[in-house]
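The structure appears right after this line, and notes come after that.
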Protein chains: 2
Amino acid sequence: MNVRTLCLGILSFEEASGYEIKKMVEDGLFSHFIDASYGSIYPALTQMLKEGLVSVRAEEQSGKPDKKVYAITAEGQRALNEAVNVEPKKDKYKSEFLFQMLLMERVSPRHLIAAYDKQLDELRAEFERIGTCCDSAQEHPGTRFVNGYGHAVLSAAIAYMEENRAGLAKAAGDSGLQAAE
Amino acid sequence: MNVRTLCLGILSFEEASGYEIKKMVEDGLFSHFIDASYGSIYPALTQMLKEGLVSVRAEEQSGKPDKKVYAITAEGQRALNEAVNVEPKKDKYKSEFLFQMLLMERVSPRHLIAAYDKQLDELRAEFERIGTCCDSAQEHPGTRFVNGYGHAVLSAAIAYMEENRAGLAKAAGDSGLQAAE
DNA sequence: ATCATCATATATTAATGTGATATATATCAT
DNA sequence: ATGATATATATCACATTAATATATGATGAT
């Protein structure tokens with residue numbers, strides 16, 4: 001699945017600007033399982049506009065730069081339906097945090113504990129993000145399912161991280177003696 | 001974190017060929033939170049060999065092509081220590097499956113159920129992969145931690161998927177009436 | 001007051017990485 | 001024997017990221 005399909009999927013829920021799409025996949029309800037950068041979103045929107053899959057409308061804003069609000073067209077709907085009726089690729093999960101934890105003997109206690117607490121903060125933030133929107137989205141089965149999935153996975157991750165937080169300080173202190181600072 | 005650091009990290013556990021590194025991140029113990037393709041692994045190894053971060057030794061094999069077994073050097077150890085003592089980037093999780101579930105009204109019952117069962121199979125396979133190696137790795141704290149993390153997260157995902165399997169068939173049948181086949 | 005930083009908003013580009021493919025050989029099942 | 005699968009390295013078009021440029025207003029620090 002490419003960024004084009006991703007943008008169409010988001011636009012099928014509500015019209016949005018490129019900037020807003022980026023925010024949604026960064027901090028919003030889609031952030032848990034989707035990712036895309038400006039460098040792929042803007043070209044995708046421009047190309048799909050040319051192909052008639054999306055329409056655009058300029059929205060003037062006092063002071064701030066004009067917003068280009070994109071909306072999905074009928075042709076875009078067809079393209080999205082086609083793109084989504086395939087066998088999905090395997091999930092991809094990349095975690096530099098877990099890589100660092102795997103190599104913990106090489107990481108200084110300071111870095112290790114900072115990384116650990118940062119990870120816990122991010123997991124909690126994502127968990128709360130889902131929690132706040134569950135009620136308003138209870139009607140829509142797709143949103144309910146993915147929020148439920150995120151809720152289940154994140155609770156488990158947070159619980160595991162909290163359980164092992166105490167033991168970490170000792171392990172970091174021990175292994176940190178040989179680690180570079 | 002780039003593929004170079006990734007390869008160094010793997011080679012710090014045991015020497016390996018490019019092919020073996022790919023297998024490890026694809027099916028092995030690292031597959032849960034790491035990913036890399038041949039197109040990035042081979043150039044990374046070649047470049048690091050030129051820079052002296054890894055050494056290479058050709059291993060003849062009857063019939064099969066010769067294996068180039070790479071090993072981390074002292075300079076590589078220093079580079080790895082430096083690369084790992086940083087603030088890790090945010091986790092990245094991409095799931096086409098969850099994207100499809102979000103847009104379930106657009107997906108045919110056939111595709112939806114196939115995707116669901118494929119997802120469950122993959123989660124179970126990954127769960128078992130971790131389970132089989134837990135005992136032999138109980139000594140090493142890094143491996144133990146990341147395996148425990150994976151175990152916790154995957155059990156939660158599998159449980160959620162199993163709980164919601166029954167309700168899916170109905171939802172798919174309902175929404176599938178409008179979906180393209 | 002002024003200076004830095006952050007948020008909004010679009011856009012571009014070098015660098016990185018993926019996914020597919022090519023090459024070569026061996027084994028195994030049908 | 002034919003196709004599929006596994007071992008093994010390598011390359012490349014294309015997709016994507018991470019960083020940066022541009023422009024402006026608001027907010028907060030010194």
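In what follows, chains are A, B, ... by sequence order, proteins preceding strands, each numbered from 1. In this text, all values refer to a predicted model and were calculated from it rather than measured experimentally. Basis for what follows: all heavy atoms, side chains included, without hydrogens, waters or symmetry-related copies.
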Worksheet item: Nearest-Å distance, CG (A/Asn2) to C1' (D/dA13)?
Response: 16 Å

Item to complete: Taking side chain to side chain contact (heavy atoms under 4.5 Å, CB included) as the test, write out the residues that go with A/Glu14, two or more places apart.
Response: A/Met24

Practice prompt. Mind checking side chain to side chain contact (heavy atoms under 4.5 Å, CB included) for A/Ala114 and listing every partner two or more places apart, or none if nothing turns up?
Written response: none

Discussion item. Between A/Asn85 (side chain only) and B/Ser108 (backbone N and O only), is there a donor and an acceptor less than 3.5 Å apart?
Written reply: yes

Discussion item. Holding to side chain to side chain contact (heavy atoms under 4.5 Å, CB included), I want the full list of residues that pass it with B/Ala152, two or more places apart in sequence or in another chain.
Written reply: A/Tyr160

Fill in: Counterpart residues, ring-ring contact (aromatic ring centres under 6.0 Å, His included), relative to A/Phe99 (two or more places apart)
none

Worksheet item: Atom CD1 of A/Ile41 and atom P of C/dA11: how far apart are they, to the nearest Å?
Response: 12 Å

Worksheet item: Is there a side-chain contact between B/Tyr116 and B/Leu112, using heavy atoms and a 4.5 Å cut-off?
Response: no

Discussion item. Both conditions, 6.0 Å and 45 degrees, for the charged tip of A/Lys23 above the ring of A/Tyr19: are they met here?
Written reply: yes

Worksheet, complete the sentence: Between its two end axes (five pairs each) the helix from C/dA1-D/dT30 to C/dT30-D/dA1 turns, nearest 10 degrees, through 40°

Fill in: Distance in angstrom units between A/Lys68 NZ and C/dA9 P, rounded
14 Å

Discussion item. Expected output is a numbered-order residue list: members of residues 43-52 of chain B with a heavy atom under 4.0 Å from any atom of DNA chain C. What is it?
Written reply: none

Response to the item:
Taken in chain and number order and not counting sequence neighbours, the residues that satisfy side chain to side chain donor-acceptor pair (under 3.5 Å) with A/Arg78 are none

List, one per line, each side-chain donor-acceptor pair under 3.5 Å for residues 25-38 of chain A, sequence neighbours excluded.
{"from": "A/Glu26", "atom 1": "OE1", "to": "A/Lys22", "atom 2": "NZ", "distance (Å)": "3.2"}
{"from": "A/Ser31", "atom 1": "OG", "to": "A/Gly28", "atom 2": "O", "distance (Å)": "2.8"}
{"from": "A/Ser31", "atom 1": "OG", "to": "A/Arg129", "atom 2": "NH1", "distance (Å)": "2.8"}

Response to the item:
Closest to the side chain of A/Lys94, out of D/dA8, C/dT18, C/dT12, is C/dT18

Discussion item. Tell me which residues in residues 8-28 of chain A lie within less than 4.0 Å of DNA chain D, going by non-hydrogen atoms.
Written reply: none

Worksheet item: Got a donor-acceptor contact below 3.5 angstrom from the A/Glu96 side chain to the B/Lys89 backbone?
Response: yes

Item to complete: May I ask you to decide if the ring planes of A/Phe127 and A/His151 are parallel, tilted or perpendicular, using 30° and 60° as cut-offs?
Response: tilted

Worksheet item: Which residues satisfy the salt bridge (charged side-chain N to carboxylate O under 4.0 Å, His left out) test with B/Lys90, sequence neighbours excluded?
Response: none

Worksheet item: Would you say a side-chain N or O of B/Tyr42 is under 4.0 Å from OP1 or OP2 of D/dT9?
Response: yes

Could you go through residues 44-53 of chain A and list every donor-acceptor pair under 3.5 Å that involves a side-chain atom there, pairing it with any protein atom two or more places apart or in another chain?
{"from": "A/Thr46", "atom 1": "OG1", "to": "A/Tyr42", "atom 2": "O", "distance (Å)": "2.9"}
{"from": "A/Gln47", "atom 1": "OE1", "to": "A/Arg4", "atom 2": "NH1", "distance (Å)": "3.4"}
{"from": "A/Gln47", "atom 1": "NE2", "to": "A/Glu51", "atom 2": "OE2", "distance (Å)": "2.9"}
{"from": "A/Glu51", "atom 1": "OE1", "to": "A/Arg4", "atom 2": "NH2", "distance (Å)": "2.8"}
{"from": "A/Glu51", "atom 1": "OE2", "to": "A/Arg4", "atom 2": "NH1", "distance (Å)": "3.4"}

Discussion item. Using whole Å, what does the distance between atom C1' of nucleotide C/dG19 and atom CE of A/Met1 come to?
Written reply: 15 Å

For nucleotides 18-20 of chain D, which of its nitrogen or oxygen atoms have a protein nitrogen or oxygen under 3.5 Å away, and what is each distance?
{"from": "D/dA18", "atom 1": "OP1", "to": "B/Lys92", "atom 2": "NZ", "distance (Å)": "2.7"}

